[in-house]
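Order of the sequence lines fixes the chain letters, A, B, ..., with proteins taken first and strands second; residue numbering starts at 1 for each chain.
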Amino acid sequence: MKYDFSAIEAKWRERWEKSKPYAAVTGGDKPKFYGLIEFPYPSAAGLHVGHPRPFTAMDIICRKKRMQGYNVLNPIGFDAFGLPTENFAIKNHIHPAIITKQNIENFTRQLKMLGYSFDWDRVVDTTDPNYYKWTQWIFLQLFKNGLAYKTTMPVNWCTSCKCVLANEEVVEGVCERCGAPVVRREKSQWMLGITKYADRLIDDLDDVDFIERVKTQQRNWIGRSTGMEVTFRTTVGDEVTVYTTRVDTLFGVTYAVISPEHPKLLEWKNSIKNWGEVEAYKEAASRKSDFERGELNKDKTGVRLDGVEIINPASGEAVPMFVSDYVLMGYGTGIVMGVPGHDQRDWDFATKFGLPIIEVVKGGDITKEAFTLKDDTGIMVNSGFLNGMTVKDAIPAMTQYALEQGWGREKVNFKLRDWVFSRQRYWGEPIPLVNCPECGWVPIPESELPLVLPQVDSYELTDDGESPLSKMTDWVNTKCPKCGGDAKRETDTMPQWAGSSWYFLRYMDPHNDKELVSREAEEYWGPVDWYNGGMEHTTLHLLYSRFWHKFLYDIGVVHTKEPYAKRTSHGMILGQNPHYVGNVSTQAEKDALIAKYGNQALRPAVKMSKSLGNVVNPDDVVKTYGADTMRVYIMFVGDFEKVAVWSDDAVKGSKRFLDRCWNLMDSAEESGEISRKNEVIIHKTIKKVTQDIDDLKLNTALAALMAMVNEFYANGVTRGDLKELILLLSPFAPHIAEEMWEITGFAAETGKMAMQNDWPVYDEAKTVDSEKEIAVQINGKLKATVTVPADSTDDMMIEAAKGNEKIQRLMEGMEIVRTIPVRGKLVNFILKPAK
RNA sequence: GCCGGUGUGGUGGAAUAGGUAGACACAGGGGACUUAAAAUCCCCCGGCAGCGAUGCUGUACCGGUUCGAGUCCGGUCACCGGCACCA
């Protein structure tokens, strides 16, 4: 009998569609498990081979949990607002809603093709008014609680298209579309006060099971630092404040730097003798993004303010002041004190501008580089009353002094900035606010939600930088909900992050038209037990959704402080690089590739992209090898957390493995019992596969299954042996497992589909071989192996090792200095020549 | 630049807590079956030396800790992800 994957997969797809074995039911006696993957953005290109990696992994986890008796929620949805769809719509003159609908249909077909055990009755779509009604509702609660406010923020402005651009649309300072220069322009924007939650977003990380690099990256992104704001008098009679975490180095200040956007500069206009030069610098800085400023960090630029100096409150000395774009307006106070001896950026700047570098902490060589260590290795010098103290003691001492003198105050700072929540775009949730000349910003009544995104004739960008909605005068002009007077609607829309900040709650109760989620459903399913997603979402989506969830907790909508109990992350799937130098043999060809593609030619694997022609379409793989092979391959390809390279050749190995599983049915003995020969390997494999799935080591789980199959071929199998294989295989390759379950007669015997059956349980006693091979080392080097009973004591192992012929030979004329036995592993003899 | 990560055969990757490096695969080589090919089944497969037993060497590079380091520590290099309006 041949393994006809396409017939088998079509058969089971249809059965699952009809009988809905994966529909989740809220409530019941079983323990619950909520497994979540980041919902996809339904792009026109369809599912990418990158998607199946996390999806298959979570599907395996959920299928195993079901088999272990859990009530599982394994939902899917679509994060469908966003730029690519909008740009596609503009280009092709099709409404984004139509494109979105088509794309979702295509994604749905592909996801069903891959046999995921999603609950298809709980699909959410962020662009559905019944969904975004609640996104808008949450925004209104944020507004009512003072967490949404308007402020002026710089935006990217294309001088030719006359529109606001996303950072992504700005490439090397010019507009991606037209190539015209992009400048920074101030624009009034809605902001969300995520910084008010900064402490809780850091502190509550202690209570969740996130992989460590996710926690670290979030902590660093929030960037909490405790320091001091120090007030300096200026030589023009006013004051400025700087923020520093190194108040101990105050005696080492030799200059100060102000950000080009700082309002103080304008106040000093008349005192600055070289204003023309300063103004030109401000203008040049406005063309760079924060990122570009940082990138050019090595070559620092700046202009000295001629006429304004600041007075060091500790030493009483006046030092020069510069304007430079390495100081960002958005962090601290927008002015920094320069301590070149003990901060590398300051050192670079001082070196370039020939400023004095004073050593105030001993321990480094400040003629070569800044000495930045903050531990006990440094002793204060050249620092007045601090001399002789360690840095650790100097910080509180100087803090105390500054507080007494009244020119310093303690301050906790965060790198985290508030969330820019406005987009001057069409394809997003309308912001449900009305601007009334009398009453200011007024929320629309909740009974009027959803505020539906109106149909527009043109969703093209406007040339005044406003959202396309601003052209809809009928829609824009409205009455103030408060006073009834003429008023205008907000025409900005929300960012795509909005809909994805709470979707996991909607899955719990997707059809509720009274609340965003019922208390009953939320208390039953919440929190998400396991959330897997990409590392690239760690600092934005993951943080934003934690923020919203904490807010919803504060207003009593949800019962847990954190949305996700556990977070793991997967690596990207890369494609083969068609321009890789390893693909050609002659040096001339290699040189040609390097000349043409530069460093790009040195990488065997790169991100898949249409232009490189290395995109793999899951449809093709499924057609050639089947969905089960696709699932097995994408799990077997490598460590789930690391990047992996797609290989068409290697897919065959996964297909071959499934063929080998299938073909075992031809030779299986009738007995329904586990055979004696295979007992140990079966129990070992059950243990390994069970643990590996829990640890997200799907590649080694499959390797263990392959090893078991290899042993089955060597030993022969019974129907009972096959039963265990089918059950272990079913989360990975559900279609073939179901079919084999039916053919081998277990479906008829048990009356159950495989995935509703019990997950195999191992007997620890049966997972160990009776004998074990241990290593015998001499001076730490492997010289022989000996086989000993598995439960051997140290003495028995040493005895056996000494009994080995080769070891005896090597020990001749030597003296044993030391013997190191490691139970079950090895014996190491340390020898020296005998006297 | 800043933050987070990675580096192991021809290739993808294994190696719980420092304890036999290369599991499991792909590619390659050999054999069986076959008129033949495909498929399938079995064997070999880091490098150097050797007919062989075996010896030496080997986890990006330099150094350290240890009886013992792919794993821990210090430094260097290369690459990948993120950097707030891409999702």
Given the P atoms of B:C24 and B:A15, what is the spacing between them in whole Å?
13 Å
At a cut-off of 3.5 Å, list every protein nitrogen or oxygen paired with a nitrogen or oxygen from nucleotides 40-51 of chain B, distance to 0.1 Å.
from  : atom 1 : to       : atom 2 : distance (Å)
B:C41 : OP1    : A:Arg660 : NH1    : 2.6

Can you give the dot-bracket line for RNA chain B, using ( ) for pairs inside the strand, [ ] for pairs that cross earlier ones, | for pairs with another strand and . for unpaired bases, where Watson-Crick and G-U count if both distances are under 3.5 Å?
(((((((..(((......[....))).(((((.......))))).((((....))))..(((((..]....))))))))))))....
Would you mind writing out the side-chain donor-acceptor pairs for residues 652-659 of chain A within the sub-3.5 Å range, not counting sequence neighbours?
from     : atom 1 : to       : atom 2 : distance (Å)
A:Lys652 : NZ     : A:Asp649 : OD1    : 3.3
A:Lys655 : NZ     : A:Asp659 : OD1    : 3.4
A:Lys655 : NZ     : A:Asp659 : OD2    : 3.1

Between B:C56 and B:A69, how far apart are the P atoms? Round to whole Å, please.
15 Å
Walk along nucleotides 5-17 of chain B from 5' to 3' and tag each nucleotide B, S or - by protein heavy-atom contact under 4.0 Å, base first, then sugar-phosphate.
-SS----BSSSB-
Please tabulate the protein-to-nucleotide N/O contacts below 3.5 Å involving nucleotides 72-75 of chain B, giving atom names and distances.
none

Quick one: what's the B/S/- string for nucleotides 60-68 of chain B, heavy-atom cutoff under 4.0 Å, read 5' to 3'?
-------B-
A side-chain contact here means heavy atoms from C-beta on lying under 4.5 Å apart; do A:Gln691 and A:Tyr762 qualify?
yes
Nearest heavy atom decides the nucleotide; on that basis, is A:His541 or A:Gln217 closer to the 5' end of RNA chain B?
A:Gln217
Rounding to a whole Å, what distance do you find between A:Met572:CE and B:C79:C1'?
12 Å
Can you work out whether A:Pro84 or A:Arg809 has the more 5'-proximal nearest nucleotide on RNA chain B?
A:Arg809
Taking B:U57 as the reference, what is the distance to B:U6 when you measure between their C1' atoms (whole Å, please)?
26 Å
Expressed as a whole number of Å, how far does the P atom of B:A32 sit from that of B:A38?
15 Å
Cation-pi geometry met for A:Arg567 and A:Phe210 (6.0 Å, 45°):
no
Value in whole Å for how far the C1' atom of B:A25 lies from CD1 of A:Ile634
15 Å
